[in-house]
Amino acid sequence: MFVEPAIENIIFNYSEFLMAPTNLIIAPLFLFTLFSLVRVQEGVEDSGKYPIVVSTWPFLEAVRAAWEAVDKGFNAVDAVVEGCSACEELRCDGTVGPGGSPDENGETTIDALLMNGATMEVGAVASMRYVKDGIKAARLVMQHTKHTMLVGERASIFAISMGLPGPTNLSSSESMEKWTRWKENNCQPNFRKNVVPVDSCGPYQPKDNLGHNKGICSEANSIGTIESRTCLVGPHSHDTISMAVIDKMGHVAVGTSTNGATFKISGRVGDGPIAGSAAYADDGVGACGATGDGDIMMRFLPCYQVVESMRQGMEPELAAKDAISRIARKFPDFMGAVVAINKDGVHAGACHGWTFQYSVRSPDMDDVKVFTVLP
């Protein structure tokens with residue numbers, strides 16, 4: 001049984017306490033209080049619900065890495081870093097870590113976030129160049145700055161100055177081949193709208209005539225511009241890893257890592273490093289992770305919505321569905337998903353526009369289990 005040092009001191013001094021005759025009267029109350037303290041410690045350590053790891057998508061090795069860490073006694077923050085780092089090393093689905101999702105210029109950049117649900121501290125990097133370790137860079141921002149997010153090349157300089165390897169070319173032969181094919185297809189589809197290219201791949205200029213939309217993945221209608229983004233977003237172009245961990249002490253942390261949308265405009269930041277969008281955690285409530293069309297989802301902060309709904313008493317399944325439905329009402333063609341987990345270890349997912357899978361490892365499982373959620 002684990003006993004806090006403070007309780008050990010109480011036990012050690014108990015014999016001295018009893019030597020005073022007047023204290024014999026209150027000794028039973030003292031013993032009851034001491035027993036209650038020990039039981040509280042036992043309850044935290046041996047609740048049976050914790051630890052638990054939840055992640056978007058069937059990123060099994062990432063969940064196993066986080067589970068191995070938290071099961072050994074790592075805190076939730078460090079376990080999240082272990083899990084997301086494993087996914088970055090494995091280049092999960094080509095959308096996490098280096099070597100995937102080239103932008104319009106053929107370059108791969110990294111977005112990542114880390115959030116401590118006990119302290120509400122956040123560290124994040126966005127559009128980070130030349131450094132492959134996104135989640136570790138996010139932790140450095142949390143640990144060694146008073147900021148929440150660093151971006152672009154300056155984020156890279158900071159991360160390298162704090163000891164991460166770099167500068168490194170984050171492109172791969174696969175990403176460059178994908179980019180070359182896209183260029184040969186006149187840079188279509190892309191994320192531009194209401195523009196015309198000087199040649200097939202730009203530079204681009206604003207259009208005078210909004211009705212001239214041939215080849216552009218967007219349409220204007222009478223109530224405004226509503227993007228039809230199905231030609232840009234899919235399961236293998238927006239596979240952010242968003243991971244939540246509850247450690248043995250019941251503390252919660254979340255983290256994300258992604259190389260963003262394929263063929264994005266250089267400098268674009270998605271929802272991955274935005275607290276409340278791709279992930280959110282609060283020790284008193286639980287956590288949420290999200291994946292999908294980040295440009296749309298970040299406008300709604302779905303994970304903040306999920307956690308706040310659970311705070312108000314909603315079960316995870318209802319909270320997840322509610323957050324997704326808020327987006328779908330405004331953008332019926334969007335693709336995205338959230339996974340929610342509350343402090344009791346109850347988890348659920350919700351999605352729109354695609355079939356979603358998320359992974360879980362808990363004390364009652366022999367290995368990672370994958371759950372499938374239908375739209």
Could you tell me if the side chain of [Y] sits less than 4.5 Å from the side chain of [X], heavy atoms only?
X	Y	answer
Met310	Pro316	yes
Pro51	Trp67	yes
Glu121	Gln143	no
Val306	Val339	no
Lys343	Tyr50	yes
Val141	Met149	no
Ile327	Pro302	yes
Lys264	Thr109	yes

Test your reading of the model: is there a side-chain donor-acceptor pair from [X] to the backbone of [Y], 3.5 Å cut-off?
X	Y	value
Ser309	Ala319	no
Lys248	Val70	no
Asp93	Thr95	no
Thr168	Leu170	no
Trp179	Phe263	no
Asp247	Met249	yes
Ser156	Arg129	yes

Shortest non-hydrogen contact from [X] toward [Y]:
X	Y	result
Gly94	Asn259	O-ND2, 3.2 Å
Pro375	Thr355	CD-OG1, 3.9 Å
Gln205	Val198	NE2-CG2, 3.9 Å
Phe334	Met297	CE1-CG, 3.9 Å
Pro98	Ile110	N-CD1, 4.2 Å
Ala348	Ala320	O-CB, 4.5 Å

Going hydrophobic residue to hydrophobic residue with side-chain gaps under 4.5 angstrom, can you get from [X] over to [Y]?
X	Y	value
Leu150	Ile135	no
Met298	Val307	yes
Leu114	Val131	no
Phe74	Leu140	no
Val122	Val151	yes

**OP:** Measure up the Trp354 and Trp57 rings against each other and bin them: parallel (under 30°), tilted (30 to 60°), perpendicular (over 60°).
**Re:**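 If you compare the ring of Trp354 with that of Trp57, the planes turn out perpendicular.
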**OP:** Classify the ring geometry between His347 and Phe371 as parallel (under 30°), tilted (30 to 60°) or perpendicular (over 60°).
**Re:**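 Because their plane-to-plane angle is over 60°, the rings of His347 and Phe371 count as perpendicular.
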Spacing of [X] atom [atom1] and [Y] atom [atom2] [to the nearest 0.5 Å]:
X	Y	atom1	atom2	result
Lys132	Asn169	NZ	CG	13.5 Å
Met128	Asp111	CE	CG	9.0 Å
Phe59	Met243	CZ	CE	9.5 Å
Glu308	Asp322	CD	CG	12.5 Å
Asp282	Cys303	CG	SG	13.0 Å
Ile341	Cys288	CD1	SG	11.0 Å

Original post:
Going by the ring pair (Phe, Tyr, Trp, His ring centres under 6.0 Å) test, which pairs reach into residues 125-177, not counting sequence neighbours?
Top reply: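 Not a single pair qualifies under ring pair (Phe, Tyr, Trp, His ring centres under 6.0 Å).
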Subject >> ring pair (Phe, Tyr, Trp, His ring centres under 6.0 Å) contacts in which one or both residues fall within residues 264-284, not counting sequence neighbours >> reply: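 Output for this query lists Tyr280-Tyr304.
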**OP:** Go through Ser359 and Leu60 one step at a time and tell me if the side chain to side chain contact (heavy atoms under 4.5 Å, CB included) criterion holds.
**Re:** CA-CA 7 Å; Ser359 306; Leu60 305 186; 4.0 Å; yes
Original post:
Is there a salt bridge (Lys or Arg N to Asp or Glu O under 4.0 Å) between Asp295 and Arg268 once you walk through the steps?
Top reply: CA-CA 9 Å; Asp295 290 296; Arg268 176 259 192 186; 3.0 Å; yes
Subject >> Candidate pair Leu301 and Ile274, rule side chain to side chain contact (heavy atoms under 4.5 Å, CB included), full reasoning >> reply: CA-CA 8 Å; Leu301 296 179; Ile274 307 299; 4.3 Å; yes
salt_bridge([X], [Y]) N-O dist < 4.0 Å:
X	Y	answer
Glu88	Lys136	no
Arg181	Glu184	no
Lys178	Glu174	no

Subject >> Partners meeting salt bridge (Lys or Arg N to Asp or Glu O under 4.0 Å) with Glu315 (sequence neighbours left out) >> reply: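 Result, salt bridge (Lys or Arg N to Asp or Glu O under 4.0 Å) vs Glu315: none returned.
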**OP:** Show your reasoning for whether side chain to side chain contact (heavy atoms under 4.5 Å, CB included) applies to Ser55 and Tyr358.
**Re:** CA-CA 6 Å; Ser55 173; Tyr358 68 93; over 6 Å; no
Original post:
Excluding sequence neighbours, so at least two apart, what forms side chain to side chain contact (heavy atoms under 4.5 Å, CB included) with Arg154?
Top reply: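 By the side chain to side chain contact (heavy atoms under 4.5 Å, CB included) rule, Arg154 matches Ile157.
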Subject >> With sequence neighbours excluded, residues passing side chain to side chain contact (heavy atoms under 4.5 Å, CB included) with Ala279 >> reply: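 Per chain and number, Ala279 pairs via side chain to side chain contact (heavy atoms under 4.5 Å, CB included) with Leu113, Ser242, Val254, Thr256.
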Original post:
Can you list every pair that meets side-chain hydrogen bond (donor to acceptor under 3.5 Å, both in side chains) and has a residue in residues 361-371, with sequence neighbours left out?
Top reply: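 Qualifying pairs: Arg64-Asp367, Ser362-Asp364.
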